[in-house]
Amino acid sequence: MDIEIGTFDSGGVQLAYGDTGPLAAQPEKGAVLLIHGFASNMQVNWIGTGWFDALYEVGYRVIAIDNRGHGKSEKIYDKAQYGAPIMAEDARGLLDHLDLPHAHVMGYSMGARISAFLAMTHPARVRSVVFGGLGINMVRGVGGSDAIAAALEAGSVEAVDDENARMFRQFAERTGGDLVALATCIRSARVKIKEEALAALDVPVLVTVGTDDGIAGDPQLLADIIPGARAFSIPQRDHNRAVGAPPYKTAVLNFYAEIDG
């Protein structure tokens with residue numbers, strides 16, 4: 001499997017993406033669009049964890065975006081140019097760039113919020129949505145953004161006292177993130193997602209959260225808001241370690257098999 005790394009323009013911002021391209025060896029099932037979490041990137045969240053391989057092997061075209069301020073995408077230092085609704089338009093722009101009328105969409109953590117806005121704003125472009133690493137706190141809010149921003153701006157990780165914020169600082173360093181751009185991103189306006197907007201979703205929905213995840217909130221409580229949605233708990237995984245878990249992949253592949261056969 002070859003992954004083409006390309007760029008496209010989204011409202012004047014240059015964004016990077018990965019794409020396996022149309023499948024020639026077997027019938028095309030369509031595309032899956034993957035949207036990573038805060039301080040991550042497509043390589044860390046989706047390629048290195050085996051998601052590209054797992055989806056491609058069962059017949060999907062796999063595409064992923066590096067969100068603005070992350071990975072190989074342009075770094076921005078104006079908080080007004082961040083936020084999940086803006087990044088949802090970036091994701092829609094990638095579908096336009098690749099001439100894809102629609103795709104299955106899976107987002108993790110911040111990427112789940114982005115996926116929600118994409119599904120709410122452009123429902124015709126979303127065949128199904130998987131909210132990974134974010135349960136009921138998609139509605140209630142995660143909190144801690146000021147502490148995380150301060151941790152990213154601290155002189156060193158040793159200077160960070162807040163345990164959760166220190167985790168994000170360590171993760172950002174491991175992924176090679178631009179700490180200033182990430183602090184700007186986390187300080188951007190966090191538009192509230194309303195229960196009634198989620199309740200109006202008319203696509204298949206799967207909510208997946210690790211059983212040891214202290215950030216996401218209960219997945220079943222989120223699924224209960226959305227007609228027909230289901231929840232899956234990823235055994236013995238916390239927020240960071242759930243992404244590549246085999247049971248998570250199995251649950252998603254089974255979900256897609258029910259939709260596409």
Side-chain angles (χ1 to χ4, degrees), residues 32-40 42 44-55 57-58 60 62 64 84 104-120 126-144 148 163-164 167-168 170-171 190 192-195 197-260:
V32 179
L33 168 60
L34 304 173
I35 306 176
H36 66 76
F38 177 71
S40 191
M42 60 179 164
V44 170
N45 216 139
W46 306 119
I47 299 174
T49 55
W51 273 107
F52 262 68
D53 289 326
L55 293 167
E57 285 171 2
V58 296
Y60 289 102
V62 190
H104 294 292
V105 179
M106 176 162 59
Y108 195 84
S109 193
M110 179 184 76
R113 274 180 54 82
I114 296 168
S115 299
F117 279 102
L118 180 61
M120 292 185 297
V126 178
R127 293 181 62 198
S128 73
V129 63
V130 176
F131 297 136
L134 195 57
I136 192 59
N137 287 348
M138 177 182 286
V139 174
R140 295 177 179 173
V142 173
I148 294 169
E163 182 178 350
N164 187 54
M167 177 190 73
F168 278 99
Q170 292 170 329
F171 182 66
R190 297 184 70 80
K192 185 176 178 61
I193 295 178
K194 298 180 179 180
E195 289 191 20
L198 290 173
L201 289 178
D202 190 25
V203 297
V205 175
L206 176 66
V207 185
T208 62
V209 172
T211 58
D212 299 338
D213 190 326
I215 294 173
D218 191 303
Q220 187 62 57
L221 290 178
L222 180 63
D224 288 344
I225 295 171
I226 306 165
R230 68 185 70 173
F232 177 77
S233 295
I234 306 164
Q236 299 179 319
R237 296 291 178 123
D238 61 20
H239 193 71
N240 285 346
R241 295 188 307 113
V243 181
Y248 177 17
K249 292 190 181 76
T250 299
V252 172
L253 293 177
N254 288 341
F255 175 63
Y256 289 158
E258 291 182 18
I259 298 169
D260 296 321

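Note that the numbering runs from 1 along the sequence shown for the chain.
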Determine the minimum heavy-atom distance between G132 and A112, stating which atoms define it.
O-CB, 3.7 Å
Between V62 and F52 the two heavy atoms that sit nearest each other are O-CE2, 3.7 Å
Using the ring of each side chain (for Trp, its six-membered ring), is H239 parallel, tilted or perpendicular to Y108, with breaks at 30° and 60°?
tilted
Interatomic distance, H36 atom NE2 to I114 atom CD1 [nearest 0.5 angstrom]:
7.5 Å
Donor-acceptor pair, side chain of T211 and main chain of P235, under 3.5 angstrom
no
Please lay out, stage by stage, how R127 and D260 fare under the test side-chain contact (heavy atoms from CB on, under 4.5 Å).
CA-CA 10 Å; R127 293 181 62 198; D260 296 321; 2.4 Å; yes
Please tell me if the side chains of M120 and L201 come closer than 4.5 Å, counting only heavy atoms from C-beta onward.
yes
Can you tell if the side chain of I226 reaches within under 4.5 Å of the side chain of F131, non-hydrogen atoms only?
yes
Steps toward side-chain contact (heavy atoms from CB on, under 4.5 Å) verdict (L118, V129):
CA-CA 10 Å; L118 180 61; V129 63; over 6 Å; no
Donor-acceptor under 3.5 Å (N45 side chain, V243 main chain)
no
Might you point out which heavy atoms bring G135 and V207 nearest each other, and give the distance in Å?
CA-CG1, 4.2 Å
Roughly how far, to the nearest 0.5 Å, is CZ of R241 from CG of D213?
10.5 Å
Could you walk me through whether I193 and R113 pass the side-chain contact (heavy atoms from CB on, under 4.5 Å) check?
CA-CA 8 Å; I193 295 178; R113 274 180 54 82; 3.9 Å; yes
L134 and its side chain to side chain contact (heavy atoms under 4.5 Å, CB included) partner, picked from V142, V209, T208
V142
Taking the side chain as C-beta and beyond, is there a heavy-atom pair between S109 and F38 under 4.5 Å?
no
Atom pair CD1/CH2 of I35 and W46 - distance to nearest 0.5 Å
8.5 Å
Of the non-hydrogen atoms in A54 and L253, which two are nearest, and what is the gap between them?
O-CD2, 4.1 Å
Are the side chains of M138 and L198 in touch, meaning some heavy atoms are under 4.5 Å apart?
yes
Please tell me if the side chains of V58 and Y256 come closer than 4.5 Å, counting only heavy atoms from C-beta onward.
no
Is a donor on one side and an acceptor on the other found under 3.5 Å between the side chain of R237 and the backbone of G244?
no
What one should report as the nearest heavy-atom pair of L206 and F255 is N-CZ, 3.8 Å
Considering all heavy atoms, the nearest P247-F232 contact
O-CE2, 3.5 Å
Sidechain-backbone polar pair: K249 side chain, W51 backbone, donor-acceptor under 3.5 Å
no
Under the side-chain contact (heavy atoms from CB on, under 4.5 Å) rule, what do F171 and S40 come out as? Steps first, then yes or no, please.
CA-CA 8 Å; F171 182 66; S40 191; 3.7 Å; yes
Once you round to the nearest 0.5 Å, how far does CG of N240 lie from CD of Q170?
10.0 Å
Would you please say whether a donor-acceptor pair under 3.5 Å links the side chains of Q220 and D224?
yes
Which distance, rounded to the nearest 0.5 Å, do you find between the CE of M106 and the OH of Y248?
4.5 Å
More than 12 non-hydrogen atoms from neighbouring residues, nucleotides or ligands closer than 6.0 Å to CG on D202, yes or no?
no
Does the side chain of H104 come within less than 4.5 Å of L55's, by heavy atoms?
no
Would you say that M167 contacts D238 through its side chain, given a criterion of any heavy-atom pair below 4.5 Å between the two side chains?
no
